[in-house]
Novice: 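Below is one structure. I have some questions about it.
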Amino acid sequence: MADTLLGSRIAGGNTAYSRSESDYYPTPPEATKALLDYLKLQDKSQIWEPACGEGHIAEVLLEYGHSLIATDLFYQGYGEGEIDFLNSPLRSCDWIITNPPFKLAEQFIRRCHEHNKPFALLLKSQYWHSKSRYSLFKDVQPTDILPLTWRPDFLFKTRGKGSPLMDCIWCVWRNNGDQNTIYYPLTKPIILRT
Ligand SMILES: C[S@@+](CC[C@H](N)C(=O)[O-])C[C@H]1O[C@@H](n2cnc3c(N)ncnc32)[C@H](O)[C@@H]1O
């Protein structure tokens with residue numbers, strides 16, 4: 001995607017569809033690598049990226065040797081489009097991993113939980129700092145909360161223009177019956193960009 005289009009999407013400008021419609025923020029690869037380095041999934045796990053955008057998480061999953069199912073409500077040149085995660089059946093997978101649209105985060109959490117598979121979602125750090133989400137936490141308690149010790153630059157494709165303001169966490173639900181939540185900060189993996 002042209003950098004100007006990406007910048008425009010994030011700024012909420014006119015695009016093929018508006019940012020408010022899609023809540024599109026491509027995840028920089030180091031955020032996904034930090035998660036995968038922590039999770040140490042079995043080789044060749046089958047992972048569903050159900051809000052894949054242009055494939056920024058998906059490509060890292062492939063790089064780590066996993067099998068991929070990539071879908072999105074809006075086709076953005078990657079994976080399968082017109083698949084509403086909130087209303088579509090479970091795909092055959094071992095894990096679900098995505099950076100969901102923020103305004104639908106709770107619905108994504110509940111839908112992943114219904115699918116009864118382990119899952120990991122990238123959320124704003126203050127996600128749980130809300131009275132209205134206390135019942136969600138009690139209903140669907142994460143097994144791991146993993147603060148990123150850096151601010152991911154969602155404008156990384158327009159290098160030099162991003163000045164990240166948002167702190168983020170990966171939240172993991174391992175679906176293993178654990179009653180407690182591990183809190184473990186992730187350090188930033190080194191990525192060489194050309
Ligand atoms: C924050 S972006 C993340 C994109 C990609 N996962 C990444 O990390 O680079 C959120 C994505 O969710 C998609 N989306 C929005 N509503 C959706 C829905 N109901 N089902 C599936 N995807 C949806 C948007 O089109 C957008 O690509």
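Counting begins at 1 with the first residue of the sequence. Values in this document were obtained by computation on a predicted structure and should not be read as measured data. Numbering of ligands and ligand atoms starts at 1, following listing order.
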Novice: If I apply the N/O under 3.5 Å rule, does Asp23 come out as touching ligand 1?
Specialist: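 Between Asp23 and ligand 1, no N or O pair is found under 3.5 Å apart.
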Novice: I'd like to check the side-chain hydrogen bond (donor to acceptor under 3.5 Å, both in side chains) partners of Thr32; sequence neighbours left out, ordered by chain and number.
Specialist: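 None.
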Novice: Run the numbers on Tyr24 and Glu54 for side-chain hydrogen bond (donor to acceptor under 3.5 Å, both in side chains), then give the verdict.
Specialist: CA-CA 10 Å; Tyr24 182 73; Glu54 296 173 291; 2.5 Å; yes
Novice: Tell me whether ligand 1 is touched by Glu49 - counting only heavy atoms on the residue side and a distance under 4.0 Å.
Specialist: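 The answer is yes: ligand 1 sits under 4.0 Å from a heavy atom of Glu49.
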Novice: Quick test of your reading of the model: are Glu114 and Arg111 salt-bridged, counting only N-O distances below 4.0 Å?
Specialist: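 So Glu114 pairs with Arg111 through a salt bridge.
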Novice: Counting only heavy atoms, which portion of Thr98 has something under 4.0 Å from ligand 1: side chain, backbone, both, or neither?
Specialist: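 Side chain only.
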Novice: Using a 4.0 Å heavy-atom cut-off, say whether Leu122 meets ligand 1 through its side chain, its backbone, both or neither.
Specialist: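 Leu122 to ligand 1: no contact under 4.0 Å from either part.
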Novice: With a cut-off of 4.0 Å, which atoms of ligand 1 are near a heavy atom of His56?
Specialist: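 Heavy-atom distances to His56 below 4.0 Å select 9 (O).
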Novice: Centre-to-centre under 6.0 Å for His113 and Phe108, is that the case here?
Specialist: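 That pair fails the under 6.0 Å test.
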Novice: Under 4.0 angstrom from ligand 1, any heavy atom of Glu54?
Specialist: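 No, Glu54 has no heavy atom closer than 4.0 Å to ligand 1.
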Novice: Could you tell me whether ligand 1 has any atom less than 4.0 Å away from a heavy atom of Ile83?
Specialist: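 Yes; Ile83 lies near enough to ligand 1 that a heavy-atom distance drops under 4.0 Å.
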Novice: Only heavy atoms of Pro50, strictly under 4.0 Å: list the atoms of ligand 1 that pass.
Specialist: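 Reading through ligand 1 atom by atom, the close ones are 21 (C), 22 (N).
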Novice: Given Thr71, Leu86, Val60, Thr27, which one has a non-hydrogen atom that is nearest to atom 7 (C) of ligand 1?
Specialist: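 When every heavy atom of Thr71, Leu86, Val60, Thr27 is considered, Thr27 comes closest to atom 7 (C) of ligand 1.
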